[in-house]
Amino acid sequence: MHAPRVRFAPSPTGYLHVGGARTALFNWLFARRHGGTFILRIEDTDTERSSDEMVSGILESLHWLGLEWDEGPEVGGSHAPYFQTQRYARHREVGERLVAEGHAYPCYCSPDLLKQKREDAERQGLGWKYDRTCLHLALAERQRLEASGISPAIRFNVPPGRTAYTDRVRGAIQFDHDQIEDFVLLRSNRLPTYHLSVVADDLDMRITHVIRGDDHISNTPKHILLWQALGETPPEFAHVPLLLGTDKKRLSKRHGATSVTEYERLGYLSDAMVNFLGLLGWSPGGDREVMSRQELIDAFTLDGISGGDAVFNPEKLDWFNAQYLARLTPEGLVERVKPLLDAAGLWNAAFDGERREWLQRVLALVLSRVRRLPDFVEQARPFLADHVDYDPEAVSKYLAVAELDSHVETLALTLDRVEQWDEAAIECALRDVADIRSIKAATLIHAARIATTGKAVSPGIFEVLALMGKPVTVTRLLALAKFLQAS
RNA sequence: GCCGCUAUCGUCUAGGGGUCAGGACACGUGGUUCUCAGCCACGGGACCGGGGUUCGAAUCCCCGUAGCGGUACCA
């Protein structure tokens, strides 16, 4: 394929939505797959709701996902500017050209009148589209209106016929032109509408493939008509299905986290997010699931995009995240968890020095029960905090045993005499105590778990004690014995 | 209302005129074991409905139905 040029054109009226992120991802994958150019264009024409803060939020999310753009904000490019509001003059020029060439015409109808006509039609249960009053204006009437100082809107003159095109995802699609009204290109305040801006910009930026959300499918004939009126060959179109919430409704705030930043904050890895999003509504055609960005790129085709809308399933995202967490190196793990430990007041300067490897082992030990980054903090807390609090439920579940205080004290004293502090020696010592006291090893194990972690669940106890070290273990065991005596 | 798109396990999907309709997440059972997680094994679970075409349809066609989208001087 000739090097394609694709674009992602978010509107900065909010943070980057996961649905938008997926559209961006598909564009990026397509560009990378075919050695093309990925362009980022900011559609900030909704000045009421757009803000600079949102623009930087979107850029940040894109960076986080690793979807670097070749042209656009920050990097520039030969088709600048990449902010739509800076391209108004050009849009107007295109609109005027269309009028000059007879493809568009001024419309003096007042919005109020049109609104009323539309409502009347609706009340009678009829569909309505612009009645072309101003297309058929007599010359004298037109001159009168112009002289009256009314600033007209510019409408596209939709020709008769039908538009058919082949959507790269959907296949053959066609629309009858009588379904399409003479839509507005330039508002009476001279500002372009969406339809004019996208086409003008896509044309100027030499976009070859428009990969965008499904919701634009019925706008496509308008855009094709515009390209044709401008004497250009329209680009290829590929409409990707929408993302839904678990209730099958369009993904919205009600469904919890919807923006990319939120997922970053919740402790998801960017690789996991990309992998998950990439497989939502697209498939490489086989059974592959865990795929790196490069593998995604190598396998990506527009044909692989499925037709139906896809439900965003957070549980599967969790699974992907766990997969990627498990693939991190010990050092990579420490780097990612450090800020969180720091914030929790659990970071120790020695972790940047001689205790580095120890920390790595702690994180590796708890890894299999972690799904998201913040889980590490709670899982590792017993190893890092000075103090443990006993979970009341764990206490009532496992510590209601006769003479347990004495058993635990003996365990502490026995362990204190262990010379080679490793898993095997610890286990050996503990089982000896259980034998001698004629109790089950499990009784001591549960007690030791609560003594050292405060919780009813933890990784294998011998690994925990080995890693925790003898002094801490003995101290905590003794503390538990005292606690048991007191209660 | 009109126009358009879509339809395989609960979810993401593979496949596609003749298959035991495959995989993953989730779920259930068992194993490992000191708990939980993980891991391993096993299991339940789907082609929206109705007509055609065909020897044969989940697959192709038509009609329904449902969901979604559009129908603006919103994007």
Side-chain angles (χ1 to χ4, degrees), chain A residues 9-11 13 43-46 48-50 84 107 109-111 114-115 118 121-122 124-130 152-155 167 169-171 173-176 178-181 183-189 191-195 197-198 213-222 239 241-242 244 246 248-250 276 279-290 304 306-320 322 326 366-371 379 394 397-398 427 430 440-450 453 455-462 464:
Chain A
S11 148
T13 54
E43 302 205 334
D44 54 350
T45 50
D46 185 347
E48 293 281 301
R49 298 188 300 141
S50 297
Q84 213 158 49
C107 171
C109 298
S110 83
L114 294 174
K115 193 180 168 200
R118 179 170 294 114
E122 264 167 34
Q124 294 169 57
L126 301 169
W128 192 80
K129 58 174 191 169
Y130 179 59
I154 301 299
R155 285 183 184 271
D167 191 283
V169 171
R170 315 288 170 159
I173 289 181
Q174 48 176 269
F175 286 85
D176 265 313
D178 42 80
Q179 289 302 322
I180 307 169
E181 72 170 357
F183 53 97
V184 170
L185 260 22
L186 286 172
R187 300 181 176 91
S188 44
N189 63 7
L191 255 26
T193 61
Y194 168 73
H195 301 301
S197 322
V198 243
D214 208 342
D215 45 342
H216 286 298
I217 199 157
S218 19
N219 288 327
T220 306
K222 295 178 189 167
H239 288 95
L242 259 30
L244 309 176
T246 20
K248 299 253 190 181
K249 296 269 191 261
R250 192 175 180 154
F276 172 67
L279 256 31
L280 258 190
W282 174 80
S283 162
D287 288 342
R288 302 168 69 192
E289 294 265 26
V290 178
S306 51
D309 292 339
V311 173
F312 185 97
N313 180 354
E315 286 175 335
K316 188 134 189 190
L317 207 212
D318 279 347
W319 177 78
F320 270 111
V366 301
L367 177 65
S368 72
R369 47 222 98 200
V370 164
R371 308 226 95 180
Q379 292 287 334
K397 185 171 181 186
Y398 290 118
E427 176 162 9
L430 181 141
K440 283 191 289 186
T443 305
L444 289 179
I445 286 171
H446 291 310
R449 171 168 293 119
I450 295 169
T453 69
K455 295 183 270 197
V457 300
S458 83
I461 192 64
F462 305 115
V464 169

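All of these numbers come straight from a predicted model, not from anything done at the bench. Letters A, B, ... mirror the listed sequences (proteins, then strands); counts begin at 1.
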*Asks:* Does the structure show a Watson-Crick or G-U wobble partner for B:A37, both distances under 3.5 Å? Name it, or say none.
*Replies:* none

*Asks:* Once you apply the 3.5 Å cut-off to both distances, tell me the Watson-Crick or G-U wobble partner of B:G4, or none.
*Replies:*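 Result: B:C68.
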
*Asks:* Write down the partner of B:A75 under the Watson-Crick or G-U wobble criteria, each distance required to be under 3.5 Å.
*Replies:* none

*Asks:* Using a cut-off of 4.0 Å on non-hydrogen atoms, how would the nucleic acid contact of A:Ile461 be classed: base, sugar-phosphate, or nothing?
*Replies:* base

*Asks:* Who is the Watson-Crick or G-U wobble partner of B:U53, with both distances under 3.5 Å?
*Replies:*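 Answer to the pairing question: none, since B:U53 forms no Watson-Crick or G-U pair.
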
*Asks:* In B/S/- notation, 5' to 3', how is nucleotides 24-30 of chain B contacted by protein heavy atoms closer than 4.0 Å?
*Replies:* BSS----

*Asks:* With both distances under 3.5 angstrom, what nucleotide forms a Watson-Crick or G-U wobble pair with B:C20?
*Replies:*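 None - no nucleotide pairs with B:C20, as no candidate has both distances under 3.5 Å.
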
*Asks:* If you pin A:Val457 and A:Thr246 to their nearest nucleotides in RNA chain B, which one's is more 5'?
*Replies:* A:Thr246

*Asks:* Could you tell me whether A:Ser283 contacts a base, only the sugar-phosphate backbone, or nothing, with contacts defined as non-hydrogen atoms closer than 4.0 Å?
*Replies:*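 Since only primed, P, OP1 and OP2 atoms lie under 4.0 Å of A:Ser283, the category is sugar-phosphate.
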
*Asks:* Using a 4.0 Å heavy-atom cut-off across all strands, classify A:Gly281 as base, sugar-phosphate, or nothing.
*Replies:*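 Counting heavy atoms under 4.0 Å across all strands, the contact made by A:Gly281 is with sugar-phosphate only.
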
*Asks:* Can you see whether A:His239 engages A:Asp167 through a side-chain donor-acceptor pair at a distance of less than 3.5 angstrom?
*Replies:* yes

*Asks:* For nucleotides 65-75 of chain B, read 5' to 3', which letter fits each nucleotide if B means a protein heavy atom sits under 4.0 Å from the base, S means only the sugar-phosphate is that close, and - means neither?
*Replies:* ---SBS-SBSB

*Asks:* Holding to side-chain contact (heavy atoms from CB on, under 4.5 Å), I want the full list of residues that pass it with A:Arg288, two or more places apart in sequence or in another chain.
*Replies:*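 Partners of A:Arg288 by the side-chain contact (heavy atoms from CB on, under 4.5 Å) criterion, ordered by chain and then number, come out as A:Pro284, A:Met291, A:Glu295, A:Ala299.
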
*Asks:* Just call it for A:Ser306: base, sugar-phosphate, or nothing, with non-hydrogen atoms closer than 4.0 Å on any strand.
*Replies:* sugar-phosphate

*Asks:* Under 4.0 Å, counting only non-hydrogen atoms across every strand here, what does A:Arg449 touch: a base, just sugar-phosphate, or nothing?
*Replies:* base

*Asks:* Within the structure shown, what part of the strands sits under 4.0 Å from A:Pro241 by heavy-atom distance: base, sugar-phosphate, or nothing?
*Replies:*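 Here A:Pro241 touches no strand at all.
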
*Asks:* Which class fits the ring pair A:Tyr194 and A:His216: parallel under 30°, tilted 30 to 60°, perpendicular over 60°?
*Replies:*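 Aromatic pair A:Tyr194/A:His216 classed parallel.
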
